[in-house]
Amino acid sequence: MTSVINLRQYHHGELPADFTEMRVDVHADAYADAMDLEFNQRFPWFANHWSNMEGFTCVVGFDGEEPTGFAYGAPLQPGREWWRSTGYQPNNGYSATFAVSEVLVRPRWRKQGIAERLHEALLSERSENLAVLLVDVTHPKVQDLYESWGYAKVGEQQPFADSPLYAVMVKSLH
């Protein structure tokens, strides 16, 4: 039986005191089988980095008061868009880009469409022309999922020496 999942949106400068701790706990549950990787252990740094960015937005799903997952991101500075390292060229030069940094759902709530709802809510009011995200190339099912949401793979990159190789995926928002 599917639970009723309520979505709450949070923005840079308006975050509750326990916001980072909540995301770290949800991330640890979602990646429980891979928390021995140093890259995953650095998530608290990434969580703080992103939430301090101008334009940061996060949508959190709740089952009652229990967080089920989240999606977050922020606009990228011109010239710093993740697709720049690929051969991708935006249509008509419209290149304002929102980076989707994380979309994750805790195991107990997976396969209920929550990830898609979180993602849609995250992008629903964006004014940027494009959304970009990175997907570990060893997870083709996740890449297929994002393609079903309108993304297209435009290249690959490894942003950190200890990070996986990622597919760079772009979606037009308007």
Side-chain angles (χ1 to χ4, degrees), residues 1-53 55-74 82 98-126 131-153 158-160 162-171 173:
M1 176 180 211
T2 302
S3 304
V4 174
I5 304 301
N6 295 306
L7 304 182
R8 298 180 197 164
Q9 198 162 98
Y10 300 89
H11 301 280
H12 171 73
E14 304 171 359
L15 304 175
D18 64 346
F19 188 69
T20 296
E21 180 181 339
M22 179 269 302
R23 285 186 300 153
V24 168
D25 291 346
V26 170
H27 179 270
D29 187 25
Y31 286 94
D33 60 345
M35 284 308 294
D36 58 330
L37 299 174
E38 185 176 333
F39 185 72
N40 286 337
Q41 293 171 6
R42 289 203 323 262
F43 180 76
W45 180 89
F46 286 107
N48 281 326
H49 170 76
W50 280 91
S51 59
N52 287 321
M53 293 176 73
F56 169 82
T57 302
C58 182
V59 178
V60 182
F62 288 90
D63 184 352
E65 290 303 310
E66 186 76 21
T68 62
F70 56 77
Y72 71 80
W82 297 343
F98 184 82
V100 178
S101 180
E102 289 280 349
V103 177
L104 63 83
V105 175
R106 296 169 68 190
R108 180 173 154 203
W109 288 276
R110 290 183 182 153
K111 301 198 184 297
Q112 297 181 38
I114 296 170
E116 186 172 16
R117 285 187 58 210
L118 292 166
H119 176 264
E120 286 177 4
L122 178 67
L123 297 181
S124 67
E125 297 176 13
R126 300 308 315 170
V132 64
L133 52 77
L134 303 176
V135 178
D136 186 329
V137 297
T138 65
H139 296 112
K141 288 183 181 180
V142 177
Q143 185 174 317
D144 291 346
L145 176 67
Y146 288 130
E147 286 174 352
S148 76
W149 295 354
Y151 286 87
K153 180 179 175 180
Q158 185 176 14
F160 302 97
D162 64 343
S163 73
L165 178 64
Y166 290 110
V168 179
M169 301 189 75
V170 176
K171 172 182 176 149
L173 295 178

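The minimum heavy-atom distance linking L118 with G69 is given by the pair CD1-C, 3.7 Å. Considering every non-hydrogen atom in both P107 and A30, the closest pair reads CD-CA, 4.0 Å. When all heavy atoms of W109 and P67 are compared, the closest pair comes out as CZ3-O, 4.1 Å. Taking all atoms of both residues into account, the shortest heavy-atom contact from C58 to F70 is SG-CB, 4.0 Å. Of all heavy-atom pairs between D136 and P164, the closest is OD2-CB, 3.4 Å.
Checked by atom type, the side-chain pair E14/H12 shows no donor-acceptor distance below 3.5 Å.
H11 has its ring centre no less than 6.0 Å from the ring centre of Y72.
By the 4.0 Å N-to-carboxylate-O rule, R106 lies close enough to E66 to be salt-bridged with it. A salt bridge links E65 with R8; the closest basic N to acidic carboxylate O contact falls under 4.0 Å.
Residues satisfying the salt bridge (charged side-chain N to carboxylate O under 4.0 Å, His left out) criterion with R126, sequence neighbours excluded, are E128.
The side chain to side chain contact (heavy atoms under 4.5 Å, CB included) test with I114 singles out one residue from D63, L104, T68, and that residue is T68.
Using the six-membered ring where Trp is involved, F19 and Y10 have ring planes that are tilted, between 30° and 60° apart.
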